Asker: 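Here's a structure for you.
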2 protein chains.
Amino acid sequence: MTLVQPSDSEPGKAGSAIAFQLDPASGVPTFLQLVQQVEHALRLGYLTTGDQLPKVRDVVADLAINPNTVMKAYRELEHKGLASGRPGQGTFVTGTLSQAGLPEIAGLRRALQRWLVDSANAGLDEDGMVALFSSTLRDFRERGAAAESRAARSAPREVGGGVA
Amino acid sequence: MTLVQPSDSEPGKAGSAIAFQLDPASGVPTFLQLVQQVEHALRLGYLTTGDQLPKVRDVVADLAINPNTVMKAYRELEHKGLASGRPGQGTFVTGTLSQAGLPEIAGLRRALQRWLVDSANAGLDEDGMVALFSSTLRDFRERGAAAESRAARSAPREVGGGVA
DNA sequence: ACCGTTGTACTATGACACTAGTACAACCGA
DNA sequence: TCGGTTGTACTAGTGTCATAGTACAACGGT
């Protein structure tokens with residue numbers, strides 16, 4: 001034991017740290033799940049420059065995975081310019097991905113919560129909701145692409161999706 | 001050349017066949033993406049007993065993947081009792097997963113479409129929408145679990161997620 | 001200066017996903 | 001019955017993911 005006593009919101013953690021969570025059934029590689037969760041938090045503004053990510057050894061203990069796996073995730077984030085490790089201190093966010101304002105996101109989130117409740121009331125389970133979201137999003141993407149190809153005769157546009 | 005001429009809706013395909021689509025960036029194994037897409041279509045009632053799945057060789061040609069990979073997906077579906085291969089004919093749906101009525105789903109889908117439009121108007125890109133959905137769903141799951149653990153003192157319940 | 005914390009590097013090993021290539025089996029229609 | 005279509009089986013090889021285990025480097029506080 002040292003000086004830190006574990007609790008729900010551990011002391012010594014700067015900013016709002018996120019809590020990683022794994023979904024073994026998803027088929028997504030562990031290290032990628034970590035990367036994606038950080039990116040999601042960055043997109044939604046739940047994490048910003050200066051915030052600390054969970055310490056490698058903490059993640060290892062919480063998720064029962066190998067340090068190398070956590071390192072692979074953090075290295076990927078560093079490579080994308082989103083985080084940086086500081087030996088002796090921790091790993092910290094160095095970039096951001098937020099695109100919409102926090103209030104807008106909060107509103108969208110509430111609307112989505114209502115939709116989830118409606119879905120549950122309609123008899124859908126969680127997998128069903130995911131299925132419907134995936135399907136609707138795919139449609140949305142295709143419609144958008146179709147609309148663009150209709151309008152882009154003279155204004156070609158890049159559609160690449162990297163984080164750059 | 002044989003008798004079939006490729007077009008947008010190929011002749012010779014019974015029922016409503018689904019069109020597979022891969023997302024290389026997702027990290028999800030190819031064969032699992034195929035399985036999940038069929039399961040999603042089954043959940044939403046877009047595919048039902050008797051419908052034909054894309055022929056192995058068609059999938060191979062369309063997605064530029066190996067027959068073994070498609071077979072792995074179809075074998076998994078067969079193992080779950082959802083599909084069955086008939087040499088010389090194709091692979092057909094043998095089970096269903098739909099839980100809510102088609103009209104309910106259509107309504108939920110429209111609501112979700114509106115939400116996607118709103119999100120786009122708020123400045124969110126597709127990744128942002130996925131991020132917000134994932135985050136909100138995770139909350140939803142935790143809230144539900146909390147509500148259950150509050151009410152389930154005397155009525156324990158299974159939460160397993162398999163397709164059985 | 002020392003010690004503990006934290007990030008980082010390295011090798012080796014097992015499991016899994018995907019591929020290439022070949023061959024065979026079941027079914028349908030002419 | 002024959003030929004084409006389709007599903008299926010098999011082997012072998014490659015790359016990635018995750019693991020265990022060990023060791024080192026950078027930083028802060030006392």
Side-chain angles (χ1 to χ4, degrees), chain A residues 1-6 10-14 17 20 22-36 38 52-79 82-94, chain B residues 1-6 10-14 17 20 22-36 38 52-79 82-94:
Chain A
M1 307 272 192
T2 57
L3 297 176
V4 283
Q5 75 280 20
E10 309 208 9
K13 291 195 177 178
F20 289 124
L22 291 182
D23 178 9
S26 68
V28 181
T30 306
F31 86 96
L32 249 187
Q33 292 192 41
L34 302 185
V35 172
Q36 288 170 358
V38 172
Q52 182 176 21
L53 296 183
K55 292 174 237 179
V56 175
R57 287 166 171 81
D58 282 357
V59 180
V60 167
D62 291 353
L63 305 182
I65 59 179
N66 197 282
N68 296 323
T69 305
V70 184
M71 273 310 300
K72 188 167 189 177
Y74 282 7
R75 208 179 308 130
E76 181 95 9
L77 289 170
E78 178 146 27
H79 180 254
L82 298 177
S84 175
R86 297 203 282 263
Q89 292 181 262
T91 305
F92 299 84
V93 175
T94 60
Chain B
M1 307 278 186
T2 57
L3 297 176
V4 284
Q5 74 281 17
E10 309 207 10
K13 290 196 177 177
F20 289 124
L22 292 181
D23 178 9
S26 69
V28 181
T30 307
F31 85 97
L32 249 187
Q33 292 192 41
L34 302 185
V35 171
Q36 288 171 357
V38 172
Q52 182 175 22
L53 297 183
K55 293 175 239 180
V56 175
R57 286 167 173 79
D58 282 357
V59 180
V60 167
D62 291 354
L63 304 182
I65 59 179
N66 198 279
N68 296 322
T69 305
V70 184
M71 274 309 302
K72 188 168 186 175
Y74 282 8
R75 206 179 309 132
E76 181 95 9
L77 289 170
E78 178 148 26
H79 181 253
L82 299 177
S84 175
R86 296 203 283 262
Q89 292 181 264
T91 305
F92 299 84
V93 176
T94 61

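Chain A is the first sequence line, chain B the second, and so forth, proteins listed ahead of strands; every chain is numbered from 1. These figures come from a predicted structure and were not determined experimentally.
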Asker: Got A/L34 and A/L22 here, is their nearest side-chain heavy-atom distance under 4.5 Å?
Answerer: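 Of all side-chain heavy-atom pairs linking A/L22 with A/L34, at least one is under 4.5 Å.
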Asker: Given atom CZ of A/R86 and atom P of D/dC27, what is their separation to the nearest angstrom?
Answerer: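 Atom CZ in A/R86 sits about 10 Å away from atom P in D/dC27.
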Asker: Specify the separation, in whole Å, of atom CG of A/L34 and atom C1' of D/dC17.
Answerer: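 Taking CG of A/L34 and C1' of D/dC17, I get 13 Å after rounding.
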Asker: Specify the residue among A/Q89 and A/P67 whose closest nucleotide of DNA chain D lies further upstream toward the 5′ end.
Answerer: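 Looking at the nearest nucleotide for each, A/P67 comes out on the 5' side.
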Asker: Here's a test of your reading of the structure: between A/T91 and A/N68, which maps to the more 5' nucleotide of DNA chain C?
Answerer: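 Comparing both residues, the 5'-ward one is A/T91.
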Asker: Look at the side chain of B/R75 and decide which nucleotide, out of C/dT19, D/dA18, D/dA9, has an atom nearest to it.
Answerer: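 In terms of side-chain proximity for B/R75, the closest of C/dT19, D/dA18, D/dA9 is D/dA9.
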Asker: Please tell me if the side chains of A/L53 and A/V38 come closer than 4.5 Å, counting only heavy atoms from C-beta onward.
Answerer: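 Yes, at least one pair of side-chain atoms sits under 4.5 Å.
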Asker: From CD1 of A/I65 over to C1' of D/dA18, roughly how many Å is that when rounded to an integer?
Answerer: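 Nearest whole value for this atom pair: 9 Å.
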Asker: Under 4.0 angstrom, heavy atoms only, what part of the nucleic acid is A/E78 near: base, sugar-phosphate, or nothing?
Answerer: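 Sugar-phosphate only.
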Asker: Taking the side chain of B/K55 as its heavy atoms from C-beta onward, which of C/dC18, D/dG7, C/dC28 lies nearest to it?
Answerer: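 Selected nucleotide (nearest to the side chain): D/dG7.
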Asker: How close or far is atom P of D/dA25 from atom CZ of A/R57, stated in whole angstroms?
Answerer: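 In whole Å, D/dA25 P and A/R57 CZ are 15 Å from each other.
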Asker: Ignoring backbone atoms, establish whether B/N66 has a side-chain N or O less than 4.0 Å from OP1 or OP2 of C/dC18.
Answerer: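 The answer is no; no side-chain N or O of B/N66 sits under 4.0 Å from OP1 or OP2.
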Asker: How close or far is atom C1' of D/dT6 from atom CG of B/L53, stated in whole angstroms?
Answerer: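 Interatomic distance, CG of B/L53 to C1' of D/dT6: 14 Å.
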Asker: By nearest nucleotide on DNA chain D, pick out whichever of B/P87 and A/P29 is the more 5' one.
Answerer: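 Nearest nucleotide further toward 5': that of B/P87.
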Asker: Does C/dA17 have its OP1 or OP2 closer than 4.0 Å to a side-chain nitrogen or oxygen of B/T69?
Answerer: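 It does not, given that no N or O in the side chain of B/T69 lies less than 4.0 Å from OP1 or OP2 of C/dA17.
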Asker: Within less than 4.0 Å of OP1 or OP2 of D/dC17, is there a side-chain N or O belonging to A/K72?
Answerer: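 Yes, such a contact exists.
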Asker: Of all the choices, D/dC17, D/dG7, C/dA17, which nucleotide is nearest to the side chain of B/F31 once you look at every atom?
Answerer: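 Comparing D/dC17, D/dG7, C/dA17 against the side chain of B/F31, the answer is C/dA17.
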Asker: How close or far is atom P of C/dT8 from atom CD of A/E76, stated in whole angstroms?
Answerer: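 Those two atoms, CD and P, are 14 Å apart.
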Asker: Just by distance, do the side chain of B/E76 and the backbone of B/L32 share a donor-acceptor pair under 3.5 Å?
Answerer: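 Between the backbone of B/L32 and the side chain of B/E76 there is no qualifying donor-acceptor contact (under 3.5 Å).
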Asker: If only atom types and distance count, is the side chain of A/Q52 paired as donor or acceptor with the main-chain N or O of A/Q89 below 3.5 Å?
Answerer: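 Yes; at least one donor-acceptor contact below 3.5 Å.
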Asker: B/Y74 has an atom OH; how far is it from atom C1' of D/dG7, in whole Å?
Answerer: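 Checked: the OH to C1' distance equals 11 Å.
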Asker: Nearest 0.5 angstrom please: A/T69 OG1 to A/Q33 CD, how far?
Answerer: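 Between A/T69 OG1 and A/Q33 CD, I get 11.5 Å after rounding to 0.5 Å.
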Asker: Atom CE of B/M71 and atom P of C/dA17: how far apart are they, to the nearest Å?
Answerer: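 Rounding to the nearest Å, CE of B/M71 and P of C/dA17 are 15 Å apart.
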